[in-house]
There are 2 protein chains.
Amino acid sequence: MEDVAARAGVSRALVSLVMRGSPKVSDQRRTAVLKAAEELGYSPHAMARSLASRTSHVLGVMVSDLHNAFFAEVVDGLDSVATEQGFDLIINTGGRSPARERRALQSLLSFRPAGLALLSPVVPTADIGRAADQTSVVLVARSSRLSTVDTVNDDGERGITLAVDHLVSLGHKRIAHLDGGEGTQAAPRRRGYLAAMASHGLTPQVVASEYTDAAGARAVHGLLDDMPSAIISCNDFNAVGAISALEDNGYRVPEDVSVVGYDNTSLAALRHISLTTIDQPRNEFGRLAAEALLQRVRGEREEPVRHLLHPSLVVRSTTAPVATAGPRRHAGGIS
Amino acid sequence: MEDVAARAGVSRALVSLVMRGSPKVSDQRRTAVLKAAEELGYSPHAMARSLASRTSHVLGVMVSDLHNAFFAEVVDGLDSVATEQGFDLIINTGGRSPARERRALQSLLSFRPAGLALLSPVVPTADIGRAADQTSVVLVARSSRLSTVDTVNDDGERGITLAVDHLVSLGHKRIAHLDGGEGTQAAPRRRGYLAAMASHGLTPQVVASEYTDAAGARAVHGLLDDMPSAIISCNDFNAVGAISALEDNGYRVPEDVSVVGYDNTSLAALRHISLTTIDQPRNEFGRLAAEALLQRVRGEREEPVRHLLHPSLVVRSTTAPVATAGPRRHAGGIS
DNA sequence: TCTATTTGTTGGAGCGCTCTAATGCTGTAG
DNA sequence: CTACAGCATTAGAGCGCTCCAACAAATAGA
């Protein structure tokens with residue numbers, strides 16, 4: 001900076017003003033400074049800057065699991081809003097392990113970010129509360145009653161209701177739900193299923209399962225004796241596992257059994273899979289999370305905000321009208 | 001820090017020593033300082049620290065595309081080595097857009113990281129060279145002749161050779177390659193295919209395609225008149241698209257046509273897909289990249305290092321011995 | 001006993017920047 | 001011709017820390 005100032009024949013303070021895009025600089029000096037900076041390959045030192053200004057233009061993002069493409073779109077949303085408002089993102093990952101996640105949190109916090117977005121974190125609430133004492137925090141895809149944090153979630157009850165309504169409109173009456181167990185958001189989805197079935201006067205059937213394709217396949221094996229005409233999985237992975245097990249056992253999808261997933265991952269869109277599923281507005285999650293953070297940064301809001309977004313139904317090729325003769329078994333299928 | 005020093009009845013410098021775990025501190029003072037820090041909820045300010053020490057314990061990572069799970073495992077590898085050596089990771093993403101990637105690079109650089117890992121970057125070489133002037137840089141899944149950067153890649157020629165050899169050992173003679181076009185690493189894969197076919201005395205058939213499932217399906221449509229007995233796709237997505245198109249057109253996989261992918265993504269492992277594919281040691285990519293960076297940071301090495309890792313064949317259910325009667329068409333298949 | 005050496009501790013400078021208050025400068029009004 | 005805005009510019013203090021050289025106290029060697 002010293003060098004740039006010398007080269008442009010001005011003071012350090014003036015360089016600082018130019019780098020921050022202050023309007024109180026004559027065009028002549030501004031271009032001189034910019035030219036000198038360019039020639040010297042100078043770019044401001046973000047840390048020194050935030051140390052001196054006691055403010056940060058950085059938003060921290062903790063992605064619980066980088067392997068899950070779900071979060072990539074949330075990050076896209078965060079990124080577009082942040083960039084728009086002149087904020088930088090720094091991302092860290094927790095790998096779904098509370099210990100590693102805690103380290104990631106600590107690392108992020110040590111940069112003294114203006115705000116912190118936690119995407120589906122698995123750390124205990126106490127850790128989140130502690131982080132919230134140091135900076136603004138928004139939780140995505142995890143709810144919390146902490147009065148100091150904002151949350152952005154989808155309305156899981158409503159999402160499952162869409163799935164049930166869709167299947168009922170196709171004539172299905174025996175609709176099973178492969179449950180997400182302890183997983184995040186499994187509870188509202190289960191609740192939504194039970195409520196929707198009840199509202200149609202149908203008998204619910206909840207099958208214990210998990211958020212993996214192997215678990216979906218196992219759950220289907222447990223249903224072989226008495227197969228429902230439709231299955232609503234707790235997520236897309238689970239649905240793909242279920243479809244695979246169905247086909248292995250001679251059931252055709254969707255002719256014999258309809259299957260609905262949840263999340264609308266890129267997997268679901270593959271033409272080989274073409275899964276009917278429930279879409280969450282992931283990009284919107286990111287945008288709202290960033291907005292929530294920035295509102296707090298700008299001091300526009302103190303009270304926590306709770307966003308509950310509307311999911312939507314994406315119909316593809318794994319759902320069809322219920323077979324008139326009811327489900328039947330075939331020889332063959334895919335090997 | 002001032003407060004902690006006062007509370008513990010020592011100087012600021014002593015607090016600094018304790019926080020850095022220096023051995024040159026008496027146990028008595030150490031515990032006193034730790035106690036005071038605990039009571040005051042003090043934790044050192046990472047930025048001030050690195051500003052003062054002119055050293056950074058941060059490695060920057062630029063992930064070109066967060067949507068691709070390939071990179072998640074590379075990051076895992078980076079993370080484990082970095083953590084082991086007391087370094088923190090900050091991640092940023094470029095979304096496969098050169099402009100956004102450039103911004104990400106700039107942002108990362110403004111934190112003055114000790115090193116920078118670029119995962120499959122799409123920015124021009126010149127930008128990479130400029131970054132390399134400021135800090136150590138390692139390129140993953142992108143080669144470069146820049147003498148100032150290290151690189152970590154897989155041996156694509158060898159990978160495809162594994163695929164060809166596997167198919168030949170199953171009796172296949174007509175093996176087509178769905179080409180990745182301009183995509184990264186498409187060239188070595190194509191070269192490997194041509195060389196391997198030649199070494200077996202077979203006639204190569206390169207079909208123009210791309211790294212997407214739709215492109216894989218399109219390429220298969222172009223082959224319908226005269227279907228080979230085996231297909232090697234440029235990556236897993238392409239292979240899944242190809243399989244889908246094959247089945248739509250009455251070909252069974254693997255009975256009529258064998259298909260091999262590349263990358264061994266989580267997609268390939270799904271039981272519904274169960275794709276024979278070529279695995280790249282992604283975690284190892286990350287580990288080696290981190291090692292390369294840290295070697296430079298510690299001043300152990302000046303000359304660039306070029307890692308070329310061995311891919312391996314993962315046999316699943318989409319390859320089988322060539323049908324004795326040659327490929328034939330069926331009615332039906334999956335709808 | 002007195003000087004070396006080691007060990008533990010400290011003040012103060014400085015990392016690269018921002019911010020406040022003060023400076024010099026023009027231009028307009030009295 | 002002085003007075004006083006109003007503006008662009010700058011010196012200097014300070015952000016929270018590390019590092020160095022200097023120092024006091026304890027230990028060792030003569």
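As the structure is a prediction and not an experimental result, all values here were calculated from the model. So that the names make sense, note that chain A is the first sequence line, chain B the second, and so on, each numbered from 1.
Comparing the axis of the opening five pairs of the helix from C/dT1-D/dA30 to C/dG30-D/dC1 with that of the closing five pairs yields an angle of 60°, rounded to 10°.
At C/dC17, none of the side-chain N or O atoms of A/S50 fall inside 4.0 Å of OP1 or OP2 (strictly under the cut-off). Of the side-chain N and O atoms in A/S16, one or more sit less than 4.0 angstrom from OP1 or OP2 of C/dT18.
Taking for each of B/Q28 and A/M19 the nucleotide of DNA chain C with the nearest heavy atom, the 5'-most of the two is the partner of B/Q28. The nearest heavy atom of DNA chain C to B/V25 and to B/A52 marks one nucleotide each, and the one closer to the 5' end goes with B/V25.
Residues A/L139 and A/L119 fail the side-chain proximity criterion, which asks for heavy atoms closer than 4.5 Å.
Shown here are the ring-ring contact (aromatic ring centres under 6.0 Å, His included) partners of B/H67, two or more places apart in sequence or in another chain: there are none.
With rounding to whole Å, B/F111 atom CZ is found 14 Å from C/dC17 atom C1'. In this structure, B/R20 places its CZ atom 13 Å from C1' of C/dT9, rounding to the nearest Å. Counting to the nearest Å, the C1' atom of C/dT10 and the CG atom of B/L17 are 10 Å from each other.
Between the side chains of B/S56 and B/R112, not a single donor N or O lies within less than 3.5 Å of an accepting N or O. Judged purely by distance below 3.5 Å, without hydrogens or angles, the side chains of A/R20 and A/S16 pair a donor atom with an acceptor atom. Between the side chains of A/T151 and A/R306, a donor-acceptor pair is found at a separation under 3.5 Å.
Remark: A/K35 engages A/E39 in a salt bridge, criterion side-chain N to carboxylate O under 4.0 Å. Residues A/R130 and A/D127 are paired through a salt bridge, judged by an N-O separation under 4.0 Å between the basic side chain and the carboxylate. A salt bridge between B/R282 and B/D76 is absent, with no side-chain N of the basic residue lying under 4.0 Å from a carboxylate O of the acidic one. A salt bridge links A/D150 with A/R301: the closest approach of a Lys/Arg side-chain nitrogen to an acidic carboxylate oxygen falls below 4.0 angstrom.
Counting 5' to 3', DNA chain D first comes under 4.0 angstrom of a heavy atom of chain B and last does so at the ends given by D/dG16 to D/dC19.
Residue contacts shown for B/R12 include a base, since a base heavy atom lies under 4.0 Å away.
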